[in-house]
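The next block holds one structure in the form of structure tokens; read it before the comments.
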Amino acid sequence: MLHYLARRLLMMVPLLLGITLISFVVIHLAPGEPTDLQTELNPEASVELKQRLRSQYDLDKPLLTQYGLWLSRLARLDFGNSFSQDRRPVAEKIAERLPVTIAINVLSIVLILLVATPIGVLSAVKRNSLFDRATTIFVFVGFATPSFWLALLLMDFLGARLGVFPISGIKSLGFDYLSPAAQVWDIVHHLILPVLVSAFGGLAGFSRYMRSNMLDVIRQDYILTARAKGLSERTVIYRHALRNALLPVITILGLSVPGLIGGSVIFETIFAIPGMGKLFFDSVMMRDYPVIMGVLVMGAILTLIGNLIADVSYALADPRIRNN
Amino acid sequence: MSFPFICLLLLGLLCGCEQAPVEQAADKSISTVPAPGGTLIQGTIGEPSNLIPAIASDGASSAINGLVYNGLVRYDKDLNIEGELAHSWEISDDGRTITFHLREGVRWHDGTPFTSADVLFTYQLLVDPDTPTAYAERYMQVSKAETPDAHTFRVHYEKPLASALISWGVGIHPRHLLEGQDVTASPLSRSPVGTGPYRFVEWKTGEKIELKANPDYFEGEPFIQRVVYRFIPDPSTMFLELQSGGLDMMDLTPIQYARQTETPAFKRNFNKYRYPAFGYTYLGFNLRRPLFQDKRVRQAFAHAINKQEIVDGVLLGLGQIATGPYKPGTWPYNPDVRRYAYDPEQARTLLAEAGWRDSDGDGVVEKDGRDFSFVLMTNQGNDSRIKAGEIIQRRLADIGIDVKLRVVEWASFLKEFINPGDFDALIMGWNIPMDPDGYNVWHSSKTRPGELNFINFQNAEVDELLEKGRRTLDQEQRKAYYDRFQEILAEEQPYVFLFVPDALPAVAARVHGIEPAPAGITHNFIRWYVPQALRKYTR
């Protein structure tokens, strides 16, 4: 097992290098440069000034040289400084946005698992019942509802009209003056709508997935055996069927690891949440190469690790794979 | 200023009095005398990038820097230049030397006295090749800057420069905190120290920036004690926040102004204001293209496009027709230039004179066997330009011109189309700067790739007028040059000037002391106040 792990980890290095090189080249293919926002269509900026700014960012050097410079910094675990006007370290910009993105994503995954699993199981067990049909409709609605629209409706109704939830942001203005308990409640209160909205689409998908897994499993012979043994229906479903139906979920969870740091632009913009999606989107629009690369590298590393974790935990969970 | 505009302002003021809020009606004894206290929360779409004025070039940063820093001079409410950190100044007879006399007793927010050394340092910072600033150009023209004493600052220019004086409205930087340091790595970029009416308190990334009143401000302590800028990237969210009381001030869109804020609840809680914004939208022709080289064709466009229809359709009437590159009602604006009434018949005649006729009856005019068909481009993310483009498309179809509308992402738009000059025609906008110098946009020398005369407008008389205009200090004389300049533009129609939109701010009704003026509403921000009884935030 250790040998296997070491080999997998080693193989990641060239893979990661390849990913960064391709990303670096691709983002430079897009027309426009980071200095453009400052100088283009600015009556005060002369051609000479533009050149001066470009050279400050090494943009006048050949692309491969720029990549080499970036890579040598990365080797020293330095993501560099942002090309936007604030010039802040990329690592710092990412670090301050990571917690809220991860929190929302983890909460929404937990919510999805907690709600969608029983829905999926029930609609599989009571196939073609009224409940099953109702959830099918729910699923279609869930898939079809644009999250920004749902968000605005909820904000307008629950936030602006009823005043039950705060509309945007993650903290109240007077946050610093609240007691610790009130601070926690303040954040929770702000996060309820965003987490609900971000879970909504996933809820639909995951409950469908759970349902079809479960349907597959209950047709298996060992379920028949379990029933033949005279076990109660409860035991059959929840002890024998559910555990096997949950197995593929591990893969999904593994694959969702990189998603934990990737926020959604639309959703973060609407709720005014300072998350990773907005950071990435803004940096792409501004051609802020160091930040784009920083986010991409983190995403790539997490994807690779996520896959590895999924493979390993699969082996741990399923004796058939382990023994091969 | 037009009559309806004045009416509207009066209306706005009346509403302000009428609405003077419910709480007050309950207790007549409550005074509305201005007194320090109260909080104002503003929304901004973009988060500021950098709070060092020399480096920042975005609107959000400038808004905050405007409260934290001072310039030597500024525009007053009627857009005349007045002193800020300088109490007076002299301009030499040859117009090449300006001597500023600085206020004494002014202190930086950290207590250090402000002197002429700070001004000199700011100048040096702006022209330093290592400073990533987009503003170096105007200061490079200074041939010598000196500080005869601690409260005098003098600059010499090779040639007189009309915009020299106002260029010293730039935020003055604290020398004692920046000298000898890498300005791009300075902590001031996120916690500024200025001399202005508000002091920086904190910046929470992605959330807000908070400022508090400077009790030692040289023009007196601002009444509103706390100003918070919340970053809300989505306009719909911002509007919901405004309605629910999470914001006190924002700029409305035309549809919000005209349709969504006419409720009793909104009128009770907010005052709306309306005045022309400092910007205009235009349709520009690429004059390198043979298609647009005939003046009659461009004039035909001007007659075919119904500008009032665009103002009504796109801005819901909240704007006015533009006739040139200046703002109606300001001193450089020439109201007497040639205007092009909506007249499709006249447009067809002009096209026919230029040789464009529909001889094959397909509804599109042609000349030398070629259809009049072109691509009209604009950038993504600006709805009003796209809508204007659609209206123009239809009106040009009426006179037999086939328009394809193409919307392109901003950076690509600049790099692939504007800079190389690879476009037929486009819809864009310019800010209207307070100083009328249009040299960079209209002079024939500014047609290199990446420069602003990207439509390739070349006119010897305009060149001469622009050169004289920027070297003349006498306002009357300058106005004569720019009046003629506008006449030529109106005649030549290198742009079809479309509209000047209105700025439409809404401010919470509990805020008193707002006086709309040509400069907008924020010119007397430090004199705004919230009467004691109406204060919403107790801290």
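Letters go in sequence order (proteins before strands), and every chain restarts at 1.
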- Determine whether A:Arg87 and B:Pro132 make a side-chain contact, defined as any pair of heavy atoms from C-beta on separated by less than 4.5 Å.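 Yes - at least one pair of side-chain heavy atoms lies under 4.5 Å apart.
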- Identify the residues of residues 190-198 of chain A whose heavy atoms come closer than 4.5 Å to a heavy atom of chain B, ordered by number, or report 'none'.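 Within residues 190-198 of chain A, near chain B: nothing under 4.5 Å.
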- Query: For chain B, which residues from residues 142-160 of chain A lie under 4.5 Å away (heavy-atom distances)?
  - Reply: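 The list, in residue order, reads A:Leu152, A:Met155, A:Asp156, A:Ala160.
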- Got a sec, which residues hit salt bridge (Lys or Arg N to Asp or Glu O under 4.0 Å) with B:Glu409, two or more places apart in sequence or on another chain?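 Here the qualifying residues are A:Arg287.
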- Select one option (side chain, backbone, both, neither) describing which atoms of A:Lys93 are under 4.5 Å from chain B's heavy atoms.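 Contact with chain B involves no heavy atom of A:Lys93 at all.
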- Item | From CG (A:Leu173) to CD (B:Glu207), nearest 0.5 Å |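 Going from CG on A:Leu173 over to CD on B:Glu207, the span is 8.0 Å.
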- Distance, nearest 0.5 Å, that separates CD of B:Gln243 from CZ of A:Arg161: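 Rounded to the nearest 0.5 Å, the CD-CZ separation comes to 8.0 Å.
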- Task: Among A:Asp282, A:Asp176, A:Ile273, A:Ile266, single out the residue with the greatest number of heavy-atom pairs under 4.5 Å to chain B.
- Result: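 Heavy-atom pair counts peak at A:Asp176.
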- Heavy atoms only, distances under 4.5 angstrom: which of A:Ala272, A:Pro274, A:Ser168 has the most pairs with chain B? Name it, please.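 Maximum pair count with chain B is reached by A:Ser168.
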At a 4.5 Å cut-off on heavy atoms, which part of [X] comes close to chain A: side chain, backbone, both, or neither?
X        : answer
B:Asn431 : neither
B:Met238 : neither
B:Ile41  : side chain

- Neighbour count above 12 (heavy atom, 6.0 Å) for B:Lys204 NZ: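 Check passes, neighbour count above 12.
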- If you take all heavy atoms of A:Arg88 and B:Thr205, which pair is closest and at what distance?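 It is NH1-OG1, 4.0 Å.
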- Query: Given the options B:Ser61, B:Pro48, B:Pro129, B:Ser244, which has more heavy-atom pairs under 4.5 Å with chain A than any of the others?
  - Reply: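 Top option by heavy-atom pairs under 4.5 Å: B:Pro129.
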- Query: Counting N and O atoms only, with roles assigned by atom type, does the side chain of B:Thr237 sit under 3.5 Å from a partner on the main chain of A:Ile270, one being a donor and the other an acceptor?
  - Reply: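 The answer is yes, because a donor-acceptor pair under 3.5 Å joins these two groups.
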- Message: Which residues in residues 227-235 of chain B have any heavy atom closer than 4.5 Å to a heavy atom of chain A?
- Response: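 The stretch touches chain A at B:Val228, B:Arg230, B:Phe231, B:Ile232, B:Pro233, B:Asp234.
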